[in-house]
Amino acid sequence: MRHVPHVPLPRIGMRVVKTAVSVMLSYALFVPFGLMYHEELGGVLGQLGPTYACIACIICTQSTLGQTVQQGISRLIGVAVGGCLGIAALQMGTLLDDPWVRMPVLGAVCVAGVWLCLLIKRPTACGMACILPCVILISRVTGDVRYYYAAARIIETVAGVTIALAVNALLPDHRKEERGAPTPQEFLQSIKPLCVIGDPVGHSLSPRIQGAMLKASGLDAQYRYGARQVPAGDTCRFLAHAAAEGYAGFNATMPHKEALVPLMDELSPDARMYRSVNTVCIKGGRFYGYNTDGVGFLQALREVDMDPEGRKVLLLGAGGAAKAVAPKLIQAGAERVFVANRTVERAAALCAWDEEGRMVPRDFRPETLRALAAECTLVVNCTSLGMTGTAGQFEDLTFLEALPHGAGVFDLIYSPAKTALLERAEALGHPISNGLGMLIWQAVFALECFTDTRLDRPAMAAAARKALEEEHTPALSSGGAGEEKGT
């Protein structure tokens with residue numbers, strides 16, 4: 001007797017059960033009222049029946065519990081868009097009786113439905129948006145009845161979506177349905193893109209840093225990180241592209257940080273305070289803007305035992321980098337922050353942020369710096385002086401000799417690893433640190449925003465540092481936070 005191989009029976013998953021339950025409920029909703037397409041009832045009631053309610057249930061219950069509300073809202077928006085387009089097309093009257101007219105009109109309203117749903121950032125609604133125009137135009141209903149017909153289809157679909165939402169909420173999946181391994185295409189489609197945008201952007205360390213952290217956290221199966229060169233003026237266009245392509249978010253460097261502010265649906269307190277965005281998260285078609293530079297800077301200070309609380313700080317520069325740093329020093333409890341800048345008016349404009357008067361503008365003359373250094377226990381350089389690719393250097397570093405013993409010196413520049421400022425401070429016995437820590441920590445906080453997950457922050461920072469060390473990161477022309485010259 002020939003052996004017959006055992007073939008496992010297919011398994012009915014909870015999602016199938018939910019679909020069946022919601023379809024039965026949708027059908028049962030119409031039966032007690034006799035709403036089974038009985039035209040003798042007249043008006044909308046004569047056109048009502050369960051068919052499109054059941055179709056909506058089948059579509060919506062294919063979503064998981066976590067997606068059900070978003071899917072349902074998208075379907076409802078699609079219904080509204082599709083219904084409006086279909087009714088608008090019916091205004092052509094008897095012209096639509098000609099199939100050669102109806103065919104291009106049908107195609108046009110389908111394209112319009114997809115375009116409108118993409119425009120309002122609801123791409124999942126596109127399929128449903130096209131159903132109603134198709135149904136209304138293909139049907140041979142004429143006269144005033146066609147409006148009752150369209151209204152009935154909308155009512156049926158809304159009823160089906162509502163029932164699907166209720167069933168999905170009341171009968172959640174408690175076990176995963178068995179399925180085969182995903183195909184390579186399915187796997188790639190399940191990975192959400194992330195990137196950094198800028199112009200130029202080829203020098204950015206963000207792909208290496210974020211890639212290392214994604215791998216270390218195991219999130220590389222869900223996200224991939226790259227770099228996109230986006231010229232100034234194309235910020236808005238990239239937002240539309242990112243939403244359409246399913247991006248989870250992106251980082252931004254020059255020249256997009258300020259341009260992103262008015263384009264966001266919501267801003268974090270720091271982004272609102274700085275009027276600058278370096279991290280964007282995309283959720284449900286909405287854009288959320290964050291600025292992680294300030295918190296990254298504070299964490300970098302604390303990592304090297306330079307917590308600003310209770311200290312008097314000498315801040316060099318008043319440009320873009322200083323704007324991200326100075327308010328955080330005050331928020332972290334610095335006793336006084338002296339902002340030294342060649343253009344005192346620019347320093348005064350920055351200090352105006354602090355209504356308590358703890359930020360004080362000063363000039364950049366050597367004698368002024370020496371007098372300030374004598375009473376400060378922390379120096380933070382926010383200028384581009386000493387950065388790789390920049391000709392400018394400090395004309396006089398003797399002010400470092402006036403610093404109290406043990407005063408910390410922090411330079412936001414990370415290329416070169418030791419600027420002339422740091423070399424001189426180290427020679428005088430002061431603890432020093434460059435801006436690489438700030439770069440890494442702002443990336444850690446950005447990744448938490450993207451993934452909506454509290455990560456093992458020290459482990460993430462360590463993974464990023466290791467990746468940069470292993471690649472022997474070269475000096476970069478725009479390395480460091482002092483991209484905008486503050487002096």
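Basis for what follows: all heavy atoms, side chains included, without hydrogens, waters or symmetry-related copies. FYI, the numbering just counts along the sequence from 1. For clarity, every value in this text was computed on a predicted model and none was experimentally measured.
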Check for a donor-acceptor pair, side chain of E448 on one end and backbone N or O of L455 on the other, with a separation under 3.5 Å.
yes

Nearest-0.5 Å distance, CG of residue L239 to CG of residue L263
5.5 Å

Counting only N and O atoms by type, is there a donor-acceptor contact under 3.5 Å from the side chain of R358 to the main-chain atoms of A334?
yes

For A271 versus G289, what's the shortest heavy-atom pair and its separation?
CB-O, 3.8 Å

Ignoring hydrogens and geometry, is there a side-chain-to-backbone donor-acceptor pair from N291 to D270 under 3.5 Å?
no

Ring centroid separation F250 to F238 under 6.0 Å:
yes

Mind listing the closest non-hydrogen atom pair of A322 and L350 along with its distance?
CB-CD2, 3.9 Å

Checking T235 side chain against H256 main chain: does a donor-acceptor pair fall under 3.5 Å?
no

Which atom names give the shortest non-hydrogen contact between A321 and L412, and what distance separates them?
CB-CD2, 3.9 Å

Within a strict 4.5 Å, meaning less than it, do heavy atoms of the N278 and S276 side chains meet?
no

Identify whether the distance between the nearest side-chain nitrogen and carboxylate oxygen of E401 and R424 falls below 4.0 Å.
yes

Closest heavy-atom contact between C376 and P404?
O-CD, 3.0 Å

Check whether E258 reaches the backbone of R275 with its side chain - one donor and one acceptor, N or O, closer than 3.5 Å.
no

Using side chain to side chain contact (heavy atoms under 4.5 Å, CB included), reason through M306 and S433 one step at a time and then give a plain yes or no.
CA-CA 9 Å; M306 295 186 191; S433 181; 4.3 Å; yes

Is there a side-chain contact between W353 and K323 (heavy atoms, below 4.5 Å)?
no

Are the side chains of F450 and L219 in touch, meaning some heavy atoms are under 4.5 Å apart?
no

Stepwise side chain to side chain contact (heavy atoms under 4.5 Å, CB included) test for V380 and V337:
CA-CA 10 Å; V380 179; V337 176; over 6 Å; no

Donor-acceptor contact present, side-chain N434 to main-chain A417, <3.5 Å
yes

Charged N-O contact under 4.0 Å between K257 and D293:
yes

To the nearest 0.5 angstrom, please state how far the CZ atom of F410 sits from the SG atom of C382.
9.0 Å

Tell me, with the steps shown, if R362 and E375 meet salt bridge (charged side-chain N to carboxylate O under 4.0 Å, His left out).
CA-CA 14 Å; R362 289 288 187 266; E375 55 178 306; over 6 Å; no

Minimum heavy-atom separation for A212 and A464, please, with both atom names.
CB-CA, 4.2 Å

On a heavy-atom basis, the closest approach of G246 and P193 is O-CD, 3.5 Å

Are any of the side-chain heavy atoms of P366 and E395 separated by less than 4.5 Å?
no

When you measure from the side chain of Q442 to the backbone N and O of L439, does any donor-acceptor pair fall under 3.5 Å?
yes

Could you go through K328 and Y274, starting from their C-alpha distance and side-chain angles, then the distance that decides it, and tell me whether this counts as side chain to side chain contact (heavy atoms under 4.5 Å, CB included)?
CA-CA 11 Å; K328 281 299 175 185; Y274 299 142; 3.1 Å; yes

Between R311 (side chain) and T377 (backbone), is there a donor-acceptor pair under 3.5 Å?
yes

Take L369 and D396, measure what side chain to side chain contact (heavy atoms under 4.5 Å, CB included) needs, and give me the verdict at the end.
CA-CA 10 Å; L369 295 183; D396 187 344; over 6 Å; no

I want to check something: taking the side chain as every heavy atom from C-beta on, are R228 and H241 in contact at a cut-off of under 4.5 Å?
yes

Looking at CD of Q299 and OG1 of T292, how far apart are the two atoms once the value is rounded to the nearest 0.5 Å?
12.0 Å

Hey, are the side chains of V196 and Y225 touching, using non-hydrogen atoms and a 4.5 Å cut-off?
yes

So D305 and P431, do their side chains get closer than 4.5 Å, heavy atoms only?
no

I'd like to check L298 versus P308 (side-chain heavy atoms, cut-off strictly below 4.5 Å). Are they in contact?
yes

Between CG of L447 and OG of S206, what distance do you get to the nearest 0.5 Å?
11.5 Å

Which value, rounded to the nearest 0.5 Å, describes the distance between L403 atom CG and H430 atom NE2?
4.5 Å

Going through the distances and angles, do D411 and T419 end up as a side-chain hydrogen bond (donor to acceptor under 3.5 Å, both in side chains)?
CA-CA 8 Å; D411 197 329; T419 59; 2.8 Å; yes

Rounded distance (nearest 0.5 Å) linking atom NZ of K192 with atom OH of Y223
4.5 Å

T162 side chain to V158 main-chain N or O, any donor-acceptor pair under 3.5 Å?
yes

Take the angle between the ring planes of F399 and F394 and call it parallel below 30°, perpendicular above 60°, tilted in between.
tilted

